[in-house]
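What you are looking at is a predicted structure, and each value in this text was computed from that prediction instead of being measured. Every heavy atom of this structure was used, including side-chain atoms; hydrogens, water molecules and symmetry mates were not.
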Amino acid sequence: MRAPDAPSPLSLAIPALWVFVVPLIAYFLAAHHLTTLAEGTDGVDLGAVAWERCRPYGFFHDEPGLPDGFCGHVLQFTWARGVAQTLLGAALVLLLVIAGALGWVSRAPSAQHRGYRLGWTALRVFAVPHVVGQGLLLVFLSFWVTALWFEVYLLKLIVLAAVLAAFGMGSAFVALFRSHDDVPTQHGKLLQQAEAPEFFAAVRALAERIGVAPPDQIVVGIDANFFVTESPLEIFARFPDEQDPAPKTQPVHGRTLFASLALLQVLRPAECDAILAHELGHFAHGDTQQTHVLNPLLRSFAGYMQAVDDNFTFGVASCMHAFHALFLWTSLRHGREAEFAADAVAARTVGAEQSAHALVKVAAYASYRDQQEATLLERMEQSDDLRIAERVRAGFLDYLQTDGFREELLATVVAHPFDTHPPVADRLERLQLPAPDVATLAAIAVAAETTRCDQIPTADAIAAELWRAYEAQFAAQHDFFIALRLDPQTDAEIAHVERHFPPLQISSQGAAGDLLVDFRGIVLASQERIAFAEIRGLTHNERTFGGPVLEIERGEGKTELPLGQFEDKGAYLMAVVERYMGRHHVAAAQRAAREDTDAP
């Protein structure tokens, strides 16, 4: 896996500037109109005049002697100008607070939680009133822009502005009070001390040498990584399926070490100790405590962003995404330094050379496993004999010595569920070791005679159980990928596709009648078939009086489906059509690729 490119701060910040657009337009429109009305009055503030002279009569009833409609007209523009000024000022304050929060985050790892909470709180306080204020200004603009400039008003534009404003306000309010208490899950098994007393003793001995308390529990699994955490986890031994969509999970709390049985079986004891010492080093430096307090806040913020993301929020959602991304970008340095510090712990405890060997071997195993799984998924026939663990174990040491892996190693990142690790080359440089040459890779690629896995008598049985569950899920995913890419010609191929994309009849309560959607296209109530191959585009329109409509572009013509006659205003129909049409595009691309390959 290659290191992700860091996004440009400018590319993240520019979308957030949309929070200024509506207030700026409203401010200049209102200020210009009030200035025009005040021409020849020696700079009299018409807003103050209207407020003072119309208040005794009601704001929309004029004092005798004033022009008809003077109070209501002037006060509308005065209020719009005031609301726009307030929103612009609030947006500037928000940007300053966010800049301060990000600056605080950059100071030290211990400041991440407080800095993120400061920015998150400012955004929550800002979001609802800003969305409400911009919604009111949008409705104001939808009437007065056309009325002042073209002397007409467009009812559809006003209704559309009101609908957008209502949805934006609703999403902001709902998101504000939504709870986000999800707990991360991990495929694995809680290892009992009685099952592996020697392995627990080895971990305790390492912890004592480092000067840190040993983990409260050890979870073993088959993922190609080790990690530690103090955050709650839900452990499960099998994946959900159609028969049991919610398999039993086991909650664990406190300081958890996750150890990979897949890696324990291929690492030499000293290499394994280097990895374990690295993970225990995260405990020693307080990294896991930092993530323990920060992760719930990150999940809560992500849930809030998701709740407002699908609605028109006048740039508020963009502000949230920008802050979240800039926070991750700013705090990346802390994560990298934490990894370097943990590597230093491993080097002091076990040795720099063993630490380097472990890093290289883990990187090779993870990369080779990814390649083997990708190769299996690319097959267009299902296999009952996956044997992923055996395939990887049998070939990754040879792969470790290839020129391709050595070139890739310079940019390899070890997968981890809580942060991004630095490239292996950078970690080796910090250990004051050169990038491995051919001879070094050959020395690392010698199979281990004994492993720490030997200290876990139940390891083979646990690994077999976990691999069975993983391969069952992998096979189900592969079966779906085949259905996604098939251009079915035979009855068996059609049955395979329809296992995942079955014909669905969708009922309508109106004149549109019942529709049938299958992997080939849409069958209307009139029995007319619209093949996905002839569809050039789908457009969801909201008509002022006709309700939601799905426009299907077909070559030179269009077919319209009134979605209001279906349940959920056609939301289910839209989701089905988009999913099935997406399958069609994937299969068509696969067919085109085959034709290009077969062409002479």
Side-chain angles (χ1 to χ4, degrees), residues 13-35 45-48 50-51 59-60 71-101 118-149 153-154 157-178 301 304-324:
I14 287 177
L17 298 179
W18 278 104
V19 293
F20 292 99
V21 173
V22 172
L24 278 172
I25 294 173
Y27 175 79
F28 284 116
L29 176 72
H32 178 266
H33 188 61
L34 289 172
T35 301
D45 186 349
L46 293 183
W51 178 270
F59 291 121
F60 295 100
C71 291
H73 186 82
V74 170
L75 287 175
Q76 279 190 65
F77 283 86
T78 303
W79 290 338
R81 183 182 62 182
V83 170
Q85 286 177 314
T86 301
L87 293 181
L88 290 170
L92 287 172
V93 170
L94 175 71
L95 293 183
L96 290 174
V97 172
I98 288 178
L118 173 62
W120 173 204
T121 302
L123 280 164
R124 291 184 73 179
V125 171
F126 170 82
V128 172
H130 199 84
V131 170
V132 171
Q134 290 217 53
L136 295 174
L137 290 180
L138 189 66
V139 175
F140 168 81
L141 290 171
S142 67
F143 178 86
W144 283 110
V145 166
T146 57
L148 290 177
W149 292 350
Y153 69 90
L154 302 176
L157 182 61
I158 299 170
V159 171
L160 176 62
V163 169
L164 289 174
F167 274 106
M169 294 177 199
S171 66
F173 274 110
V174 169
L176 188 63
F177 299 105
R178 181 174 292 180
F301 188 74
Y304 192 101
M305 287 193 298
Q306 183 179 7
V308 301
D309 220 18
D310 296 330
N311 293 289
F312 192 70
T313 54
F314 310 100
V316 171
S318 296
C319 281
M320 292 181 175
H321 281 290
F323 170 69
H324 183 73

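Heavy atoms only, all atoms of each residue included: V19 and A91 are closest at CG2-CB, 4.2 Å. Of all non-hydrogen atoms in G119 and A101, the two that sit nearest each other are N-CB, 3.8 Å. Of all heavy-atom pairs spanning G133 and L87, the tightest one is C-CD1, 3.6 Å.
Considering only residues two or more places apart in sequence or on other chains, H324 meets the ring-ring contact (aromatic ring centres under 6.0 Å, His included) condition with F301. By the side chain to side chain contact (heavy atoms under 4.5 Å, CB included) test, A31 is found to be paired with Y27, R81, residues two or more places apart in sequence or in another chain being considered. Partners of F126 under the ring-ring contact (aromatic ring centres under 6.0 Å, His included) rule, at least two apart in sequence or in another chain, are H130.
The side-chain heavy atoms of I98 and L123, taken from C-beta on, include a pair separated by under 4.5 Å.
In this structure, CH2 on W79 lies 14.0 Å from OG1 on T86, to the nearest 0.5 angstrom. Of the inter-residue distances, the one linking L17 atom CG with S318 atom OG reads 9.5 Å to the nearest 0.5 angstrom.
Taking the six-membered ring where tryptophan is involved, the planes of F77 and H33 are tilted, since the angle between them lies from 30° to 60°.
Of the options I25, V22, L29, a side-chain contact (heavy atoms from CB on, under 4.5 Å) to L137 is made by V22 and by none of the others.
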